[in-house]
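Residue numbering restarts at 1 for every chain, and letters A, B, ... go by the order of the sequence lines.
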2 protein chains.
Amino acid sequence: MSDEGSAISPKTISRLPIYWRYLKELDDFGIERISSQELAKRIGVTPSQLRQDLNQFGQFGQHGYGYPISELLISISRLLGLNKSWRMIIVGVGNLGKAIASYPNFGKRNIKLTALFDVDPGKVGTVVAGVKIRNISEMPSFFKEQPVDIGTICTTPEAAQAVAEMMEAGGALGIWNFAPVKLKTSLPVKHLHLGDSILELLYCINRRNEE
Amino acid sequence: MSDEGSAISPKTISRLPIYWRYLKELDDFGIERISSQELAKRIGVTPSQLRQDLNQFGQFGQHGYGYPISELLISISRLLGLNKSWRMIIVGVGNLGKAIASYPNFGKRNIKLTALFDVDPGKVGTVVAGVKIRNISEMPSFFKEQPVDIGTICTTPEAAQAVAEMMEAGGALGIWNFAPVKLKTSLPVKHLHLGDSILELLYCINRRNEE
DNA sequence: TAGATTGTTAATCGATTAACAATC
DNA sequence: TAGATTGTTAATCGATTAACAATC
């Protein structure tokens, strides 16, 4: 609806969750004010970058004093959508799906796990993280009963595209994808692949040891 | 030792694992040659970027013909260290630690899980993914018995820094960190945080729905 | 040879850092 | 007021895209 603050750069967006975490910690400690220098040092960015980032969506600081933590925290929370609550499902309840289902910090982020789906009849009916596993064939009807905001894909790469399509058709708003495939969808997708991540580390290790 | 190819840009490095995956798939299919246009399309980058990336560490293509897949695959594999084998331990065997321990694709990457550690006496002695969980107090002596290349941290954020220090002291070569804290260490660290990842997605979802 | 596709240079774009006037 | 620290402009740096001569 509104376009205030219009475009925040992608790099800044990727840092917002980190800012949020640190500000929340400070706020929980009851600290009210912090300078860009001090905050940047804790987070591990330059003060200049921090100020540039924050100025993309507001003017929070006070010359000579620094930033009011709780005010800043509220703004970033709003940007990230943390003032609303979100419903999430997970499709594919293997080891990774289970681990994500059991992730203890969704609550802090206002995300609620509402359903789990799997193809394995042996798993269907069992309970993980307090949520019953349903057969994947029930997905379309489930979407009709209760809306889903976030669809998490923890299936094999082969199954992922079909699952993404079911999610989009069902009205999910975004996809959190742990399967190593590029999904074709018009929904926003955040991709996270363990295998790619470890290879990036391996490159760094390998390079250091060759020099 | 050698410095051939010297510096590959960080952005290119982050794409190498993806290139590796796609090239491996093509190679497994027995395909021998591909143009930058075709490969880029599959991967989801521009042909120009792909060629710029590849030319940072060699000249593989043949004018008018494209790139020899297996040769390129071998080169990227070497860069990523996949021609060597690597030993990994995981510290903190909660849900996430278990899921990582059970990740089925380490073998393809020549990574072997050699030990698991936890502080919980109730877990110590039990077996996950075929590996016995040891008490974290045994870590220093374990490092003396068998070298560790990759130290994976799946502990609480509070414990992470101390674990990282034990890993560095023990001679680990790099740290794969799933705890949401910035580690102080001289080792290469690859950070992966579920909570940050989902917030990035949430931002995108939220932004779309506000417009 | 003609067609295709690379390697590479130049142009563009975006992100980071530095610097400092504005101001609490 | 004097000191501190912001908001913002300008300078730098790096990454992406476009274009095309080189060449298989």
K.L.:
Give the rounded distance in Å between these two atoms: CG of A/Asn55 and C1' of D/dT5.
P.N.:
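The distance from CG of A/Asn55 to C1' of D/dT5 comes to 12 Å, rounded to the nearest Å.
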
K.L.:
So which nucleotide from C/dC24, C/dA18, D/dA19 ends up closest to the side chain of A/Gln62?
P.N.:
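Nearest to the side chain of A/Gln62 among the choices is C/dC24.
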
K.L.:
Between P on D/dT9 and CD on A/Gln52, what's the gap in Å once rounded to a whole number?
P.N.:
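Value for this atom pair: 10 Å.
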
K.L.:
Ring centroid separation for A/Tyr22 and A/Trp20, is it under 6.0 angstrom?
P.N.:
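So the answer is no for these two rings.
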
K.L.:
Which residues in residues 29-47 of chain B have a heavy atom closer than 4.0 Å to any atom of DNA chain D?
P.N.:
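Contacting residues: B/Thr46.
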
K.L.:
D/dG7, C/dG7, D/dA18: which one has an atom nearest the side-chain heavy atoms of B/Gln59?
P.N.:
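For B/Gln59, the side-chain atoms sit closest to C/dG7.
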
K.L.:
Indicate yes or no for a side-chain donor-acceptor contact from A/Asp53 to the backbone of A/Thr12 under 3.5 Å, with no hydrogens or angles considered.
P.N.:
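No: the side chain of A/Asp53 does not pair with the backbone of A/Thr12.
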
K.L.:
Need one value for A/Ser48: base, sugar-phosphate or nothing, where a base atom within 4.0 Å counts as base even if backbone is also close, heavy atoms only.
P.N.:
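Base: the residue A/Ser48, judged by heavy atoms under 4.0 Å, touches a nucleobase.
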
K.L.:
Can you give me the closest heavy-atom contact between A/Ala101 and A/Ala129, atom names plus distance?
P.N.:
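Shortest heavy-atom separation between A/Ala101 and A/Ala129 comes out as O-CB, 3.4 Å.
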
K.L.:
Measure the distance from CZ on B/Phe57 to P on C/dT8 and round it to the nearest whole Å.
P.N.:
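Distance, rounded to whole Å: 14 Å.
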
K.L.:
Would you state whether a donor and an acceptor, one from the side chain of A/His63 and one from the base of D/dT6, lie under 3.5 Å apart?
P.N.:
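Flag set: donor-acceptor pair detected.
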
K.L.:
A side-chain contact here means heavy atoms from C-beta on lying under 4.5 Å apart; do B/Arg87 and B/Ile150 qualify?
P.N.:
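Contact flag for B/Arg87/B/Ile150 side chains = no.
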
K.L.:
Roughly, in whole Å, what's the span from CD1 in B/Ile13 to C1' in D/dG14?
P.N.:
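It is 13 Å, rounded to the nearest whole Å.
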
K.L.:
Does B/Asn206 reach the main-chain N or O of A/Arg78 with its side chain, forming a donor-acceptor pair under 3.5 Å?
P.N.:
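Yes.
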
K.L.:
Rounded to whole angstroms, how far apart are CZ on B/Arg51 and P on C/dT9?
P.N.:
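Nearest whole value for this atom pair: 14 Å.
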
K.L.:
Is there a side-chain contact between A/Tyr67 and the phosphate of D/dG7, meaning an N or O under 4.0 Å from OP1 or OP2?
P.N.:
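True: A/Tyr67 side-chain N/O within range (under 4.0 Å) of D/dG7 OP1/OP2.
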
K.L.:
Determine the minimum heavy-atom distance between B/Tyr103 and A/Gly195, stating which atoms define it.
P.N.:
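Taking B/Tyr103 first and A/Gly195 second, the nearest heavy atoms are OH-N, 3.3 Å.
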
K.L.:
What's the shortest heavy-atom distance between A/Thr185 and A/Glu168, and which atoms?
P.N.:
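For A/Thr185 versus A/Glu168, the nearest heavy atoms are OG1-OE1, 2.7 Å.
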
K.L.:
Across the strands shown, which category fits B/Gly64 at heavy-atom distances under 4.0 angstrom: base, sugar-phosphate, nothing?
P.N.:
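Base, at least one base heavy atom under 4.0 Å.
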
K.L.:
How is the base pairing of DNA chain C summarised as a dot-bracket string, given the Watson-Crick and G-U wobble criteria with both distances under 3.5 Å, [ ] for crossing and | for another strand?
P.N.:
..||||||||||||||||||||||

K.L.:
Nearest whole Å is fine: how far is C/dT6 P from B/Leu72 CG?
P.N.:
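B/Leu72 atom CG is separated from C/dT6 atom P by 11 Å.
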
K.L.:
Output the rounded distance in Å from CG (A/Leu54) to P (D/dT8).
P.N.:
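One finds 12 Å between P of D/dT8 and CG of A/Leu54, rounded.
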
K.L.:
Whole angstroms only, please: what is the CG-P distance between B/Leu50 and C/dG7?
P.N.:
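Spelled out: CG on B/Leu50 to P on C/dG7 is 10 Å.
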
K.L.:
Determine whether a donor-acceptor pair (N or O, by modelled atom type, separation under 3.5 Å) exists between the side chain of B/Glu32 and the backbone of B/Pro68.
P.N.:
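Absent.
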
K.L.:
Between A/Arg21 and A/Glu25 (salt bridge meaning N to carboxylate O under 4.0 Å), is one present in this structure?
P.N.:
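So A/Arg21 does not pair with A/Glu25 through a salt bridge.
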
